[in-house]
Structure formats: structure tokens, C-alpha cells
Amino acid sequence: MRERRQTVLGLETAHVVQQRLIEAPGKRSRFEMILERHNRRLRRVVAGTICDANRVDDVLQEAYLKAYRRLPRHFSNEAHEAAWLYQVVYHCCLDELRRKKRNRETATESPQLHLVSSDGVLGRLAVEDAFSSLAASDRAVLMLCGFVGLDSHSAAVVLGIPRGTVAWRLSEARNRFRRALAIEGGADV
Amino acid sequence: MFERDFVEEAAERLTPPEPDAFFQRLWTAIDTKERATTRRWRTLAIFSAVIAAAAVSAVGVFALSAGSTIVDRTVSCPIPFRAGIPVFLLLAETAGKTSVAGQMHTVPGLVWVGVDPAFQQSLVSLSGGKAGYAIDRNSCSSASSFPLEPGALPKYGTFQANQLGGVDESCFSSSRVRVRLRVTFAKATGVPVAAKLAIRNEKTLKPIAFIDWTPKRETAFLSSSCSDR
């Protein structure tokens, strides 16, 4: 029985190998199309979440590699596709942030907060600085909901939190971002 | 929304430009990973078949003789022609885990020399664990030994267990090759702990391949007549 089971395993394995070789071209072109749809935004999500321009390419490569290996055979709709892909990318961002914490690296140094000029116009650097000064979790929810425009359900899937918590986190992150921007003269953000 | 504009602006400013070779690098990494996975699966299939063969019959599969810890064999084996050229296949893998049909399997490692594209029958092989080593005595005959060293062969690479990389090659050769396999077994368990495999052209004794293997690490030296499968 042992030998038969192991021989069967060997035959099954050979079959799986053959199947993978046949499927490879279709899978690749499918993945290329998916990346074409999402790559630009994903690149910005990674940049905004980890705030380290030097690491964006490596983190994105790692995420895409994982996504390719785990690519489902089909998605039920575009929202499902987006949520799945952003989840993979977001987890790679978290891995990167944990890695940095372990290595006690600082990415781009949290820059000094530059407040607005007296005429109320925000300097460009102020926006970047204000955003970088936020916690990674705030940046992530702002990127996913504020920039990418994921609905609360998709964002909940990506972030791995309840849908209601998404709304609360987004509200808190917005408040903190507003305070960080600190527009003089009472202008609303 | 006004705030969205700020988030978008921050994202744009924080994002570095995409390098020209970004996707080329990605596909190279994917190809490398896929080759490694395919090689691991093939290793698992071979290993399973070897175990099955050993369970059925002792023909060609040798366990450790009582009291010995080192086995050193040199044989001369024929290499059939494929498309007019004699070609043999070489596979060497450290121990590692691989997933098949959603289940993780641990493969103790493998060094395999053969001509069967289905990887069912080897000329000379070593399987980690207790499967031992195998020599196809129907095809290969005993031969004089030669130095067990890489000689002038260029180094192909060093590979650690559970990492990407290994040896999966097709090698052009002469119609016969001489193969020397030296295996060191652990005294207590009879499990291979180290092995060296050298393959040379039978006529000229020019080195073709050399593998220095342990379950955790292998170093390969290959001639230019070997290429990735």
C-alpha cells in the first residue's frame, strides 16, 4: 500500500508539472493584463504606505511575485480582483515595515513639518511631509480609500479589519492628516 | 474632495519613477521561481518513485552495507543519442519542502543522472533519507576510478536547502560517460550525509560535471556542454 501510494504521488506530481507547463503562457498574459490595470496605482499605494522611495521597487516586485504564484483561476468581478491584488501588495508593505522595525532602520526620515506660508498656500513639501508624518496604518487607509477609491467592503478585505472599523479608521486618519496639514486661516481641508 | 487631492499629491511626490527594466526583472524572477518549483516537483516525483521501487524490490537500489559508512563506485554508462547527439540529464537538489496539490512535502534531497526524460529510470542516483543510492547495473559497468574533483570546470553555483536554485541540466556528452559517486552515510541512521558525484567523458576523461552535495547545501561545477532544462 505504501509503495502504491508513493507511486501514485509520483504520477500525480508529474501530471501537475505537465499541467503547469501548459497553463503558463495563459496565466502570464492574464497577469500582464491585470498589472496593466492596477500597476500605476499600486506603485503609489506602496510608496505612500512605506514612505521609502528606495524600497518601492523591491516591495512591489516581491508583491507581484507572490501575486503571480497565488493568482486565482478567475475573479468574480473587477472589485474582487482589485481587493485580492491590493491585499497581497498591502501585506508586502506590512512585511517591509516590520522588517524595518526589526532592523531599526528609518526610511526617509520623517521630515520636519513645514507649516503653510502666511498667505495660506500650502507648500508642496508640506503635503508630502504631512503625509509622511502619519502612522503607516493612517497612510494605508488614506491611500486605499482616499486615493485608490476602494469601497469600504474592499478596503476591509485588504486591511483585514471589519467594515465598520474601516470607516472609523478613515475618519481618524483624515482628522490627523488635517491637523498635520494645519492650514492657517481656518481654511477647510 | 479637497483632502483627496492632498493624498493624491502626496502619493505622486512620494512615488519614484518606474525603472525601465522593472517588468523585465519581474519576469526573470518569476521564471526563476517557476523553474525551481518545477524542479522541486520533479525531484519529489523521482524520490517517490525511488522509494516505491525500493519497497518492491532491491534490484539496483542499495542500502548501506552493515558497518560501512562510505560507498565509492565508478561506472561507465552508455548515453543514447537524441536528435543525433548523446545527451544525459542531471538533477541535483538539496533537501527542502515543496507543495503538491496543496500539501507540503519534505524531500530529503537528490542527485540524479539519467537519460529518461520521464525521470523514472536513472543511471546513477542518490536519494536522501533512507532510500540510498542506485546504479543501473543493466546499463552501467564497473570502471576504473578517477580523481573526484571538479578539475577545471567552471563553478555553476552553490545552493542552500529551502532556497531557490539547484541543478536541472541537459548535458551533451560522448556515447559513454564515466561516473564516480562517493557517498558518506551517517553511522547511526544509514542516511546519506554527503556525496560527491563526478561525470567525465569516457573516451577522453574530460570533466563534464561535478556535484558536491549535502542535504543542506550543494555546489555544482558544470561544463559548457550542460544547459538549463
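This structure is a prediction, so every number in the text was calculated from the model and none was measured. Proteins come first, then strands; the chains are lettered A, B, ... in the order of their sequence lines, and each starts at number 1.
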Please evaluate residues R25(B) and D58(A) with respect to the criterion salt bridge (Lys or Arg N to Asp or Glu O under 4.0 Å), reporting the C-alpha separation (whole Å), side-chain torsions for both, the decisive distance (0.1 Å), and the verdict. CA-CA 10 Å; R25(B) 190 179 136 205; D58(A) 288 340; 2.6 Å; yes
If you round to the nearest 0.5 Å, how far is OG1 of T15(B) from CZ of R40(A)? 8.5 Å
Test side chain to side chain contact (heavy atoms under 4.5 Å, CB included) applied to L26(B) and Y68(A), step by step: CA-CA 10 Å; L26(B) 174 66; Y68(A) 183 79; over 6 Å; no
Is there a side chain to side chain contact (heavy atoms under 4.5 Å, CB included) between F6(B) and F177(A) once you walk through the steps? CA-CA 9 Å; F6(B) 284 124; F177(A) 190 32; 3.7 Å; yes
What verdict does the side chain to side chain contact (heavy atoms under 4.5 Å, CB included) test give for Y64(A) and I30(B), after you've listed the backbone C-alpha separation in whole Å, the side-chain angles of each residue and the deciding distance to 0.1 Å? CA-CA 9 Å; Y64(A) 286 169; I30(B) 286 175; 6.0 Å; no
Is the shortest side-chain N to carboxylate O distance from D31(B) to R28(A) below 4.0 Å? yes
Tell me whether D20(B) at atom CG has more than 12 heavy atoms from other residues, nucleotides or ligands lying less than 6.0 Å away. no
Using the ring of F22(B) (Phe, Tyr or Trp, six-membered ring only), decide whether R43(A) places NZ or CZ under 6.0 Å from its centre and within 45 degrees of its axis. yes
What heavy-atom pair brings P19(B) and D57(A) nearest, and what distance separates the two atoms? CG-OD2, 3.1 Å
Shortest non-hydrogen contact from P16(B) to A53(A)? CG-O, 3.5 Å
Top of V148(A), V45(A), T49(A), L60(A) for chain B proximity - count of heavy-atom pairs under 4.5 angstrom: L60(A)
Heavy-atom distance under 4.5 Å to chain B: side chain of R139(A), backbone, both or neither? neither
Under 4.5 Å from any heavy atom of chain B - which part of N54(A): neither
Given L14(B), which partner from the list M143(A), E128(A), R44(A) fulfils the side-chain contact (heavy atoms from CB on, under 4.5 Å) test? E128(A)
Rounded to the nearest 0.5 Å, the CG atom of L142(A) sits from the CD atom of E8(B) at a distance of 13.0 Å
Within a 6.0 Å radius of atom NE2 on H153(A), are there more than 12 heavy atoms belonging to other residues, nucleotides or ligands? no
Should W27(B) and F31(A) be marked as a side chain to side chain contact (heavy atoms under 4.5 Å, CB included) after you check the CA-CA gap, both sets of side-chain angles, and the distance that decides it? CA-CA 11 Å; W27(B) 288 118; F31(A) 191 64; 3.8 Å; yes
